[in-house]
Student: 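First the structure, then my questions, so here it is.
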Amino acid sequence: MRSMDGVRGSWTSEQAFHEINSLLDQLLEEDLTAVPAEAMADDQIALQRIGSRVQAEALRRLRRFDKGQGYANTLALSAKAWLRWKCNLDHDAASGQVDVARQLDSLPQTMQAFAAGDISFTHASLIARTAKQLGGQMDANAESILVTAAKDLDPRRLRRAATMLRHCLEPDEVLKDANEQHDRRFLHLSQTFDGMFRVDGQLDAEGGATLQTAINSVMGPPAADDNRTPAQRRADAWVDIARSQLDGGRLPQVGGQKPHLMVTVDVTTLTRQPGSPAAELEWAGEVPAETARRLACDCTLTPVFRGAESHQVDAGRTSRVIPPSMRRALIARDKHCRFPGCDRPVAWTQGHHLKHWADGGPTLIFNLALLCGRHHHLTHEGGITLEWGADGELVANPP
């Protein structure tokens with residue numbers, strides 16, 4: 001049994017652990033329904049500090065365990081392996097704890113603040129990693145700067161402070177890290193078995209900031225009737241950016257023509273006749289008839305006739321469903337998305353036939369309106385119908 005001086009006399013560590021667990025049991029038995037919710041604020045602060053102190057003590061003992069090879073009489077080959085085995089930690093957590101424990105031996109100010117509960121394990125880990133990066137340049141003054149900052153900043157802002165410190169002391173190494181991050185960029189776009197597309201990737205700081213800025217500008221604040229989640233709004237904004245590039249014709253040619261979405265659809269599908277086949281969207285596969293009708297609302301149309309009809313003069317002749325002159329007239333009249341309550345600018349809109357041209361609706365100004373991508377989707381796949389009201393504004397009718 002090991003004695004522990006200074007904790008209510010001479011206690012063993014086992015006795016101290018028993019007392020700590022006993023106190024936690026007493027907290028667990030407290031009826032929180034009888035305690036004002038605002039009282040939990042001070043409890044959270046106290047418990048967070050206690051948690052940090054417990055972690056600091058665990059690392060202090062882990063450092064002794066690792067340095068003295070306390071795992072040597074077990075089947076584990078290292079302190080990290082022992083932690084994974086006996087404490088059920090994953091590889092990253094075990095490695096992180098051992099690495100920080102080893103580093104804290106040379107960071108007395110960090111260890112003191114950690115043991116006092118003034119900083120968290122995440123703060124201590126970040127300071128330890130910075131010290132490892134700085135090597136001999138991590139003197140007491142540099143450590144003091146980071147510990148003082150850690151007491152007032154969350155880990156994300158502390159990381160920025162650490163980067164600023166590193167840049168002051170070794171700008172070339174910070175540039176090297178940035179170049180390594182740039183080399184680790186990638187983007188995977190793959191279609192799942194059920195037809196969804198999955199995006200997976202990572203960008204360096206500049207690339208991520210560029211994409212974030214573009215998405216934020218397209219998203220804007222949510223409208224009152226916008227019930228999409230933030231993740232859905234980001235996804236729609238990203239698609240809007242890509243669609244705007246396609247519609248603007250600014251992308252490089254592919255196969256001698258500007259890139260565009262290509263949908264192959266039978267006329268019976270556009271007119272929603274029973275038993276008609278699904279449309280086919282290039283790169284994506286089969287899509288519902290209503291999706292094809294939405295895309296066909298404002299598109300370039302190339303009729304392809306088969307069999308006895310293939311001799312017709314219109315075969316293969318491409319034309320705009322909404323010609324440029326009509327589009328200019330729509331822009332002059334509508335000036336933004338005309339769905340009730342929406343004001344997305346014309347750059348993010350598509351032409352919509354109130355009565356679809358496949359159903360005999362004319363491509364004339366009174367049968368057309370500009371709609372943003374979200375509201376165009378709602379009027380087709382969502383089943384909402386639009387009609388002009390007496391005041392000259394569109395009225396949305398639910399399915």
Side-chain angles (χ1 to χ4, degrees), residues 4-7 13 16 20 44-71 78-80 82-83 87 89-182 184 204-205 208-209:
M4 292 185 63
D5 296 329
V7 184
S13 57
I20 291 171
Q44 284 299 312
I45 295 173
L47 287 170
Q48 291 290 341
R49 294 182 64 88
I50 291 171
S52 292
R53 298 194 66 185
V54 170
Q55 284 185 301
E57 182 60 27
L59 289 190
R60 190 174 77 92
R61 293 167 183 271
L62 176 59
R63 183 169 66 250
R64 173 72 181 104
F65 179 76
D66 176 45
K67 191 173 183 179
Q69 296 187 356
Y71 52 84
S78 67
K80 297 178 183 179
W82 187 90
L83 284 174
C87 297
L89 299 183
D90 61 29
H91 179 273
D92 290 342
S95 296
Q97 289 191 20
V98 172
D99 291 343
V100 173
R102 292 171 178 173
Q103 197 74 16
L104 286 179
D105 203 22
S106 60
L107 297 170
Q109 298 179 65
T110 305
M111 188 61 198
Q112 181 181 5
F114 193 15
D118 294 335
I119 64 175
S120 69
F121 172 78
T122 307
H123 290 103
S125 176
L126 201 155
I127 295 174
R129 184 167 65 251
T130 303
K132 186 175 182 179
Q133 293 169 330
L134 288 174
Q137 297 194 66
M138 184 66 176
D139 56 16
N141 184 50
E143 183 186 5
S144 177
I145 292 173
L146 290 179
V147 171
T148 301
K151 292 178 180 180
D152 295 323
L153 303 178
D154 62 66
R156 183 177 293 274
R157 289 189 292 168
L158 177 62
R159 179 185 62 80
R160 295 177 178 174
T163 301
M164 292 292 290
L165 176 63
R166 282 193 66 212
H167 197 278
C168 291
L169 298 177
E170 47 178 28
D172 290 343
E173 289 300 313
V174 174
L175 175 60
K176 179 182 176 182
D177 289 349
N179 286 334
E180 290 176 352
Q181 283 189 1
H182 184 68
R184 296 202 306 270
D204 64 4

Student: When you compare the side chain of Asp118 with that of Arg49, does any pair of heavy atoms fall below 4.5 Å?
Tutor: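 SC-SC contact between Arg49 and Asp118 confirmed.
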
Student: For residues Lys151 and Ala113, report the shortest heavy-atom separation together with the two atoms involved.
Tutor: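 Residues Lys151 and Ala113, closest heavy atoms: CE-CB, 4.1 Å.
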
Student: Under 4.0 Å between a side-chain nitrogen and a carboxylate oxygen: does that hold for Asp99 and Lys80?
Tutor: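 Looking at Lys80 together with Asp99, the answer is yes, because their closest N to O distance falls below 4.0 Å.
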
Student: Roughly how far, to the nearest 0.5 Å, is CZ of Arg63 from CG of Leu104?
Tutor: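 These two atoms lie 6.5 Å from each other.
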
Student: Checking Asn141 against Ile145 for the side chain to side chain contact (heavy atoms under 4.5 Å, CB included) test, could you report, in this order, the C-alpha distance in whole Å, the side-chain angles of both residues, the deciding distance, and whether it holds?
Tutor: CA-CA 6 Å; Asn141 184 50; Ile145 292 173; 4.1 Å; yes

Student: For the side chain to side chain donor-acceptor pair (under 3.5 Å) test, which of Gln181, Arg184, His182 pairs with Asp204?
Tutor: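 Only one of Gln181, Arg184, His182 forms a side chain to side chain donor-acceptor pair (under 3.5 Å) with Asp204, namely His182.
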
Student: Please report the closest heavy-atom contact between Gln97 and Leu59, naming both atoms and the distance.
Tutor: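 So the two residues come closest at O-CD2, 3.6 Å.
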
Student: Nearest heavy-atom pair of Ile119 and Ala150: which atoms, and what distance?
Tutor: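 Heavy-atom minimum between the residues: CG2-CB, 3.7 Å.
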
Student: Looking only at side-chain N and O atoms, does Thr110 offer a donor or acceptor that is under 3.5 Å from a partner on Glu143?
Tutor: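 Short answer, yes.
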
Student: Report yes or no: does Ser125 contribute a side-chain atom to a donor-acceptor pair with the main-chain N or O of Phe121 at less than 3.5 Å?
Tutor: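 Such a contact is absent between Ser125 side chain and Phe121 backbone.
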
Student: Test side chain to side chain contact (heavy atoms under 4.5 Å, CB included) on Gln109 and Leu146 and set out the steps.
Tutor: CA-CA 10 Å; Gln109 298 179 65; Leu146 290 179; over 6 Å; no

Student: Could you tell me whether Glu57 and Arg61 make a salt bridge, using a distance below 4.0 angstrom between a side-chain N and a carboxylate O?
Tutor: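 Salt bridge: yes.
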
Student: Less than 4.5 Å apart, side chain to side chain, heavy atoms only: is that true for Gln112 and Val147?
Tutor: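 The answer is no; the side chains never approach within 4.5 Å.
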
Student: Please report the C-alpha distance between Arg160 and Met164 in whole Å, then the side-chain angles of each, then the deciding distance to 0.1 Å, and finally whether the side chain to side chain contact (heavy atoms under 4.5 Å, CB included) criterion is met.
Tutor: CA-CA 6 Å; Arg160 295 177 178 174; Met164 292 292 290; 5.5 Å; no

Student: On a heavy-atom basis, which atom in Arg157 and which in Asp152 lie closest, and how many Å separate them?
Tutor: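 Of all heavy-atom pairs spanning Arg157 and Asp152, the closest is NH2-O, 3.9 Å.
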
Student: Looking only at heavy atoms, what is the nearest atom pair of Phe114 and Ser52, with distance?
Tutor: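 Heavy atoms of Phe114 and Ser52 come nearest at CE1-O, 3.2 Å.
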
Student: Do Gln137 and Leu165 come close enough that some side-chain heavy atom pair is under 4.5 Å?
Tutor: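 No - every pair of side-chain heavy atoms lies 4.5 Å or more apart.
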
Student: Kindly give the heavy-atom pair with the smallest separation between Gln103 and Ala131, and that separation in Å.
Tutor: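 Minimum heavy-atom contact is NE2-CB, 3.7 Å.
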
Student: Let me confirm one number: the CZ-CD distance from Arg60 to Gln55, rounded to the nearest 0.5 Å.
Tutor: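 That separation rounds to 15.5 Å.
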
Student: Are the side chains of Leu62 and Leu83 in contact, using a 4.5 Å heavy-atom criterion?
Tutor: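 A side-chain contact under 4.5 Å exists here.
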
Student: Nearest 0.5 Å, please: how far is CZ in Arg166 from CZ in Arg159?
Tutor: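 Answer rounded to 0.5 Å: 11.5 Å.
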
Student: Quick check on Arg102: does its CZ atom have over 12 non-hydrogen neighbours (other residues, nucleotides or ligands) under 6.0 Å away?
Tutor: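 More than 12 heavy atoms, drawn from other residues, nucleotides or ligands, come within 6.0 Å of this atom.
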
Student: Within the side chain of Ser144, is there an N or O that forms a donor-acceptor pair under 3.5 Å with the backbone of Ala140?
Tutor: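 Pair absent, no side-chain N/O of Ser144 close to backbone of Ala140.
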
Student: Can you tell me how far apart CE (Met138) and OG1 (Thr130) are? Round to the nearest 0.5 Å.
Tutor: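 These two atoms lie 6.5 Å from each other.
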
